[in-house]
Amino acid sequence: MSVHIMVFDSGIGGTTVLEQIQALIPDADYSYFMDNALLPYGAQSQQTIITRLFALLQFIEIEKLHVDILVIACNTASTSALETIRPYTNIEVVGVVPAIKPASALSSSKHIGLLATPSTTKSHYTANLISTYSQGTQVSLYGSTELVEIAETLFHTQTLNKEKLEKELCSLAIAEDIDVLVLGCTHFPLLANAINDYYKQRILLIDSGKAIANRVKSLIELRGYTVTGDKKKPLHFYATAPICHSQLNVELITLTDQIPHGSY
Ligand code: DGL
C-alpha cells in the first residue's frame with residue numbers, strides 16, 4: 001500500500017517540516033506545493049488565505065492527485081484558515097501551529113518569545129493558543145516578513161544575507177530575559193544557525209517540525225501503513241509562480257480562487 005503526503009506552504013518554508021516527515025517515513029509518495037504567487041502569506045488577509053486553500057483543495061480534486069494526508073506546513077495558513085477548510089474535505093489535513101506549549105514548559109525565566117509572521121502574531125487562533133497553553137509564562141510576540149524573504153533567498157541561492165538578517169533581528173529587539181524563542185514560521189528553521197549565532201546560543205529555539213512528523217506517522221499507521229524501506233522517491237514540486245535563480249524543478253500551475261457553495 002502506498003500513501004501520498006502533500007506538504008503545502010506559501011514558499012520553501014514547509015521543506016523544513018517535509019524533511020522531518022521524510023526522516024520518519026522515507027518511503028511514502030511526497031509532493032510539495034508552494035503558493036509563491038502570494039508569498040508572503042504573512043502579509044495577506046485571512047479571507048485571501050482561506051480562498052487559496054479552497055482553491056488548493058479543488059486543484060487536488062480536479063487533478064485526481066489522491067492525496068491521503070495534506071500537511072499545511074505554514075503557521076500563517078494553519079492559524080488563519082485550517083478550521084474553516086477542514087469540514088469541506090475528506091482528506092486528512094494536518095496543520096502546523098506555533099509550539100507555545102513545549103516552549104512554556106521549557107522556559108526557566110517564564111518569559112518566551114514567538115517569532116512568526118505578522119499575520120500569525122495577530123491571529124485569534126494564536127491568542128487562544130497562548131491563553132490555553134502558556135499560563136504562568138509571559139509570551140512576547142515578534143512579527144517579521146523580512147525573515148521570510150531572507151530564508152527564501154538563502155534556500156534558492158545558498159547565500160545568507162547576514163547584514164539584512166542582523167539588522168532585522170536588531171530591530172525586533174527581543175527581550176533580554178527571553179530564554180526560549182518559538183520559531184512560529186516554517187521558514188525560520190532555515191535561519192536557526194544564524195539566529196543562534198546572533199544570540200550567542202543564549203536562547204533555545206524551538207519549532208513544530210518533529211511533532212508534526214510524529215503526528216503524520218501515527219495517522220498513516222492508523223491507516224495500516226507501515227514504513228518498509230528507507231528509499232526516498234522523487235519529490236514532485238508544484239508552484240504558482242516562477243522562481244528566479246532556483247535549481248528546483250517545479251511544475252507551474254494556476255490556482256483558481258474558490259469558495260464553496262453556501263456560507264462557511
Ligand atoms: N512559512 C509560512 C509560515 O509558517 C509563512 C511565510 C509567509 O509569510 O509566506 O507562517
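Here the structure is a predicted model, which means the values were calculated and not measured. Just follow the structure's listing: the first ligand is 1, and inside any ligand the first atom is 1.
Paired with Ser123 under the rule side-chain contact (heavy atoms from CB on, under 4.5 Å), one option of Asn75, Thr117, Thr79, Leu129 passes, and it is Thr79.
In Asp9, the part holding a heavy atom less than 4.0 Å from any atom of ligand 1 is the side chain. By the criterion of a heavy-atom distance under 4.0 Å, both the backbone and the side chain of Cys185 are placed next to ligand 1. Heavy atoms from both the backbone and the side chain of Thr186 come within less than 4.0 Å of ligand 1.
Residues Asp35 and Ser10 bring no donor and acceptor atom of their side chains to less than 3.5 Å of each other. Side-chain N/O atoms of Ser45 and Thr48 include a donor and acceptor closer than 3.5 Å. Side chains of Ser107 and Ser104: no donor on one and acceptor on the other come within 3.5 Å.
Which parts of ligand 1 touch Leu39 is read off a 4.0 Å heavy-atom cut-off, strictly below it: atoms 9 (O). With ligand atoms numbered from 1 in the order given, ligand 1 contributes 7 (C), 8 (O), 9 (O) to contacts under 4.0 Å with heavy atoms of Gly42. Those atoms of ligand 1 that come under 4.0 Å of a heavy atom in Ser10, given as number and element, are 5 (C), 6 (C), 7 (C), 9 (O). Atoms of ligand 1 found under 4.0 Å from any heavy atom of Thr76, numbered from 1 in the order shown, are 3 (C), 5 (C), 10 (O). Less than 4.0 angstrom separates some heavy atom of Pro40 from each of these atoms of ligand 1: 7 (C), 8 (O), 9 (O).
Tyr41 N, 3.2 Å is the protein heavy atom nearest to atom 7 (C) of ligand 1. From the protein, the heavy atom lying nearest to atom 3 (C) of ligand 1 is Asn75 N, 3.3 Å.
Ligand 1 has no N or O atom lying under 3.5 Å from any N or O atom of Thr120, backbone or side chain. For a threshold of 3.5 Å applied to N or O pairs, the pair formed by Cys74 and ligand 1 contains no separation below that value.
Residue Glu61 qualifies as open at atom CD: its count of foreign heavy atoms under 6.0 Å is 12 or below.
In this structure, Thr117 counts as a contact residue of ligand 1, since one of its heavy atoms falls inside 4.0 Å of the ligand.
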Steps toward salt bridge (Lys or Arg N to Asp or Glu O under 4.0 Å) verdict (Lys217, Glu221): CA-CA 6 Å; Lys217 186 160 186 266; Glu221 282 170 352; 3.1 Å; yes
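Not a single donor-acceptor pair under 3.5 Å links the side chain of Asn36 to the backbone N or O of Leu39.
You'll find the ring centres of Phe237 and Phe33 outside the 6.0 Å limit.
Inter-residue side-chain proximity for Asp29 and Val3 is flagged as unmet; no heavy-atom pair is nearer than 4.5 Å.
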